[in-house]
Number of protein chains: 2
Amino acid sequence: MQSETIENYLKTIYHLSAGNSTIVNNKQLADKLKVIPATVTEAVKKLHDLKLVIYEKSYGTRLTSSGSKMALNIVRRHRIWETYLANELGFGWDEVHEIAEELEHIKNDKLIKKLSEKLGHPNFDPHGDPIPDEKGKIQKSNFIKLSEVKVKHHCKIMGVTDHSTTFLKYLEKHELIIGASITIKTIEDFDNSIVLVCQKKDVSVSSKAAECIIVETI
Amino acid sequence: MQSETIENYLKTIYHLSAGNSTIVNNKQLADKLKVIPATVTEAVKKLHDLKLVIYEKSYGTRLTSSGSKMALNIVRRHRIWETYLANELGFGWDEVHEIAEELEHIKNDKLIKKLSEKLGHPNFDPHGDPIPDEKGKIQKSNFIKLSEVKVKHHCKIMGVTDHSTTFLKYLEKHELIIGASITIKTIEDFDNSIVLVCQKKDVSVSSKAAECIIVETI
DNA sequence: ATTAATTTTTTGGTTAACCAAAAATAATAA
DNA sequence: TTATTATTTTTGGTTAACCAAAAAATTAAT
Ligand SMILES: [Mn+2]
Ligand SMILES: [Mn+2]
Ligand SMILES: [Mn+2]
Ligand SMILES: [Mn+2]
């Protein structure tokens, strides 16, 4: 098995199991990796042989500790590159993911070390996602979804859970970017849509969008 | 045929044909690409079908104009990355080649544009090799080998033709780096070894090493 | 508890990129 | 020019990563 294929499987298993070692099933993996379930069955068997996952037939797959270590490392590389592309090369936060998807597979530890160093060892990427350190440790945070903030409260945008270009461009248009301070003006009882104040302007946000914005209360 | 494989073949054909469209044979390609000749035969047939090379059975292979265009583009990407790694991230000129060998395959034109821009659109990489522009044009230069410089003459180191770590480390030790000004003190008749002055110190250089150092007379 | 729907696995098959060994061709030396 | 050597091609075979369709197993719905 090629290292790029292994890395993509491990990373996807990691994301689907939400960081924990929750069991992931073939259908989910097949959808994310854009292959058919039969391909996944084959792959997870091999990853099991490599002791990177524990695959239980007809039940599901979870990462072993060495698989998890590898996954965290790929996530680190991905997010370091995203941060680098955004902060040093001036790419938009909607452009970095696609490029990082390739760059994350470059195998050179010193390279990631140098990039991290140049960036001042950042703990969060341009989407607000935490960057694991060299040991795989992730900075804990007590962020909540914008949809959970109460009316009149103040908060600060810390991240997003939807990385699609359309969503990110929409946020940018309303200046709803990482670090922006906002105040909840009203919450509509009918559909949970929110009107908030950001940069002194009123912005209306649907409940669907509010579910995808991560904030820290202040 | 996968794009990375194609790119590696085209780049190697380009280098072996020395920029011109000299015919390259299978043995040379096999050696450089570390595969056996049978594999090369298969590959060049496919590249021929893709109209990237002209392959004449039992004779040899040369790039078509579209193959040449692609090759130049890969060389550009490789050398831009090398320059970036050296100038922006502080990698040594002996370290950059290996990493660039992977980075050159990242497919994103805007990325190369941004890197080039940040570097001030350099025309030469850390080894003194010319960087083709977006159109594939290479800056002409009238550099000569150190072994061709006459005694008492002054010159400036502009590049190397041997990229091996051992050679580059040897040069660095004697401060024989790109841009260094040197003066030829003596040339030994017996073995063509040279004694030159660099940074006020005498350095003895074998004729073999002098063949691998590119200079500009001043 | 059956039936129906979904998910998973098996089986058989493809393509890209490689290799080893044998056969064919070309180049070089005697 | 023949013999020897080197290079190239052919043939047959492997492995990784995929898919389609059928069969088996699991889960959900009636
Ligand atoms: Mn991303
Ligand atoms: Mn991200
Ligand atoms: Mn190089
Ligand atoms: Mn170079």
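Letters A, B, ... are given to chains in the order of the sequence lines, protein chains preceding strands, and every chain is numbered from 1. Just so it is clear, the values below take in all heavy atoms, side chains as well, and ignore hydrogens, waters and symmetry mates.
Comparing D:dT8, C:dT9, D:dC19 by their closest approach to the side chain of B:N26 singles out D:dT8. Checking C:dA17, D:dC18, D:dA16 against every side-chain atom of B:T5, the shortest atom distance belongs to C:dA17.
Under the side-chain hydrogen bond (donor to acceptor under 3.5 Å, both in side chains) rule, A:R77 has a single partner from A:E104, A:E82, A:E7, A:H105, which is A:E7. Each of A:R79, A:K140, A:K137 was evaluated against A:P130; a single residue qualifies, A:R79, per the side chain to side chain contact (heavy atoms under 4.5 Å, CB included) test.
Look at CG on A:L29: it is 13 Å from C1' on C:dT7, rounded to the nearest Å. Atom pair A:Y9:OH and D:dA16:C1' shows a separation of 11 Å (rounding to whole Å applied). Separating the NZ atom of B:K27 from the P atom of D:dT7 is a distance of 5 Å, rounded to the nearest angstrom. The CD1-P distance, from B:I23 to D:dT7, rounds to 17 Å in whole Å. As rounded to whole Å, 21 Å separates atom P of C:dT14 from atom CE of B:M1. Here the P atom of nucleotide D:dA17 and the CD1 atom of A:I6 are 7 Å apart, to the nearest Å. Look at CD on B:Q2: it is 11 Å from P on D:dA17, rounded to the nearest Å. Between A:D49 atom CG and D:dT15 atom P the separation is 15 Å, expressed in whole Å.
Under 4.0 angstrom from either OP1 or OP2 of C:dA17 there lies no side-chain N or O belonging to B:K45. Taking 4.0 angstrom as the limit, B:T41 places a side-chain polar atom (N or O) nearer than this to OP1 or OP2 of D:dT9. Regarding contacts with the backbone of C:dT8, a side-chain N or O of A:N25 is found under 4.0 angstrom from either OP1 or OP2. Applying the 4.0 Å criterion to OP1 and OP2 of D:dT8, one finds that B:Y55 has every side-chain N and O outside that range.
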Tabulate protein N/O versus nucleotide N/O from nucleotides 20-27 of chain C, keeping only pairs under 3.5 Å, one per line.
none

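The nearest heavy atom of DNA chain D to B:E56 and to A:K34 marks one nucleotide each, and the one closer to the 5' end goes with B:E56.
The neighbour count for B:D191 CG, taken as heavy atoms of other residues, nucleotides or ligands under 6.0 Å away, is above 12.
Among the heavy atoms of the strands lying under 4.0 Å from A:T39 is at least one base atom, whether or not backbone atoms are also near.
Ring geometry for B:H97 versus B:H163: interplanar angle over 60°, hence perpendicular rather than tilted (30 to 60°). Note: B:F124 and B:F143 have tilted aromatic rings, judged against thresholds of 30 and 60 degrees for the angle between ring planes.
In this model, a donor atom of one side chain and an acceptor atom of the other lie less than 3.5 Å apart for B:N26 and B:T41.
Residue A:L72 holds its CG atom at 12.5 Å from CD1 of A:I131, rounded to the nearest 0.5 Å.
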